[in-house]
A.B. asks: 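Have a look at this one before I ask anything.
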Amino acid sequence: MRKTSLIHCFARQVIRSSSSSSSYCRSFSSSPSNNKLFVAGLSWSVDEKSLKEAFSSFGEVSEVRIMYDKDSGRSRGFGFVNFSREDEASSAKDAMDGKALLGRPLKVSFALDKVNREPLNTRYSNRGTTFGRSR
DNA sequence: GTTGAGCGTT
């Protein structure tokens, strides 16, 4: 009876409602996102469909997003893969992490939640301050 | 025609 069961839930830290406004969820565990995967080390010639095809073999890929450069328009070499199940995502990560795609080693890891944030104190008037260049 | 550590828009 080898049932992969579920992931060991890692360290599930329940966010206590300390404040109804600040949700500073910093890297609590090694899995900030469950079904969200961060794929890096991709070749600059890789597309979303290639990644989806590569990760679709482990499960159902719900969404695949690759980041592209706004200046050049070329792929930055990293993207995000969303699975329908965290079990598949974990398998894909554990299976594709370290492997190679298009001749380049892939680096798969859980993605950080940067879209699930709902901050209220945001100053959109921060325009005008050039912080140099984006990282 | 280039480069190679990383965490992203709707």
Side-chain angles (χ1 to χ4, degrees):
Chain A
M1 312 162 200
R2 220 168 278 155
K3 207 188 260 182
T4 18
S5 267
L6 295 164
I7 309 146
H8 292 279
C9 287
F10 297 106
R12 218 177 248 186
Q13 295 219 342
V14 184
I15 302 163
R16 296 174 191 166
S17 47
S18 47
S19 281
S20 57
S21 50
S22 41
S23 35
Y24 290 111
C25 304
R26 273 198 196 183
S27 314
F28 275 129
S29 299
S30 303
S31 59
S33 42
N34 296 335
N35 6 356
K36 226 180 287 182
L37 248 54
F38 169 72
V39 186
L42 301 170
S43 191
W44 298 305
S45 305
V46 169
D47 5 34
E48 301 179 352
K49 73 167 167 52
S50 301
L51 263 181
K52 189 193 167 133
E53 289 294 310
F55 281 78
S56 188
S57 299
F58 297 96
E60 186 175 303
V61 180
S62 177
E63 184 69 64
V64 178
R65 186 77 68 111
I66 296 189
M67 291 277 114
Y68 294 92
D69 191 86
K70 296 177 280 194
D71 301 323
S72 245
R74 293 174 191 171
S75 62
R76 285 189 181 178
F78 76 95
F80 300 89
V81 183
N82 199 249
F83 278 84
S84 301
R85 237 177 123 141
E86 49 184 297
D87 187 11
E88 303 171 337
S90 175
S91 297
K93 165 181 159 270
D94 188 44
M96 294 293 289
D97 183 31
K99 298 301 181 285
L101 185 62
L102 298 196
R104 244 72 185 188
L106 260 59
K107 292 177 282 190
V108 186
S109 26
F110 291 100
L112 315 174
D113 30 358
K114 283 210 175 165
V115 68
N116 262 353
R117 299 212 313 187
E118 41 221 299
L120 284 96
N121 56 344
T122 6
R123 277 195 195 175
Y124 298 101
S125 309
N126 268 3
R127 253 208 281 174
T129 32
T130 35
F131 282 35
R133 44 189 77 170
S134 53
R135 225 173 187 194

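Chain letters run A, B, ... following the sequence lines, proteins first and then strands; every chain starts at 1.
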A.B. asks: Can you name the residues that form a side-chain contact (heavy atoms from CB on, under 4.5 Å) with Ser62(A), not counting sequence neighbours?
C.D. replies: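 Applying side-chain contact (heavy atoms from CB on, under 4.5 Å) to Ser62(A) gives Asn82(A), Ser84(A).
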
A.B. asks: With sugar-phosphate meaning primed atoms plus P, OP1 and OP2, does Ser43(A) contact a base, only sugar-phosphate, or nothing at under 4.0 Å between heavy atoms?
C.D. replies: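 Counting heavy atoms under 4.0 Å across all strands, the contact made by Ser43(A) includes a base.
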
A.B. asks: What is the distance from CG of Leu106(A) to P of dG6(B), rounded to the nearest Å?
C.D. replies: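 In whole Å, dG6(B) P lies 15 Å from Leu106(A) CG.
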
A.B. asks: How far apart are the closest heavy atoms of Phe58(A) and Ala95(A), and which atoms are they?
C.D. replies: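 Heavy atoms only, the tightest pair is CE2-CB, 3.2 Å.
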
A.B. asks: Taking Ser90(A) for its side chain and Glu86(A) for its backbone only, find out whether a donor-acceptor pair lies under 3.5 Å.
C.D. replies: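 No, Ser90(A) side chain to Glu86(A) backbone: no donor-acceptor pair under 3.5 Å.
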
A.B. asks: With sugar-phosphate meaning primed atoms plus P, OP1 and OP2, does Gly79(A) contact a base, only sugar-phosphate, or nothing at under 4.0 Å between heavy atoms?
C.D. replies: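 No contact.
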
A.B. asks: Quick one: list whatever passes salt bridge (Lys or Arg N to Asp or Glu O under 4.0 Å) with Asp47(A), sequence neighbours left out.
C.D. replies: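 Applying salt bridge (Lys or Arg N to Asp or Glu O under 4.0 Å) to Asp47(A) gives Lys49(A).
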
A.B. asks: Expressed as a whole number of angstroms, how long is the span from Arg76(A):CZ to dT2(B):P?
C.D. replies: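 Between P of dT2(B) and CZ of Arg76(A): 18 Å.
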
A.B. asks: Ring stacking, Trp44(A) with base of dT3(B), under 5.5 Å and under 30°?
C.D. replies: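 Trp44(A) vs dT3(B): stacking yes.
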
A.B. asks: Using whole Å, report how far CG of Asn35(A) lies from P of dC7(B).
C.D. replies: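 About 20 Å, once rounded to whole Å.
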
A.B. asks: Toward the 5' end of DNA chain B, which comes first, Leu42(A) or Met67(A), by nearest nucleotide?
C.D. replies: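 It is Leu42(A) whose nearest nucleotide is closer to the 5' end.
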
A.B. asks: In whole angstrom, give the distance that lies between atom NZ of Lys36(A) and atom P of dC7(B).
C.D. replies: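 That distance rounds to 15 Å.
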
A.B. asks: How long is the line joining CZ of Phe80(A) and P of dT9(B), in whole Å?
C.D. replies: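 Those two atoms, CZ and P, are 8 Å apart.
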
A.B. asks: Is there a path of hydrophobic side-chain contacts, each under 4.5 Å between heavy atoms of I/L/V/M/F/W/Y residues, joining Leu101(A) to Phe55(A)?
C.D. replies: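 Linked, Phe55(A) and Leu101(A) end up in one cluster.
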
A.B. asks: For DNA chain B, find the residues of residues 55-66 of chain A with a heavy-atom distance under 4.0 Å and give them by number; none if there aren't any.
C.D. replies: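 Residues of residues 55-66 of chain A that come under 4.0 Å of DNA chain B are, in numerical order, Arg65(A).
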
A.B. asks: Using whole Å, what does the distance between atom P of nucleotide dG6(B) and atom CZ of Arg74(A) come to?
C.D. replies: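 Distance check: Arg74(A) CZ to dG6(B) P gives 23 Å.
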
A.B. asks: Begin from the C-alpha positions of Phe83(A) and Lys93(A) and carry the test side chain to side chain contact (heavy atoms under 4.5 Å, CB included) through to its verdict.
C.D. replies: CA-CA 11 Å; Phe83(A) 278 84; Lys93(A) 165 181 159 270; over 6 Å; no

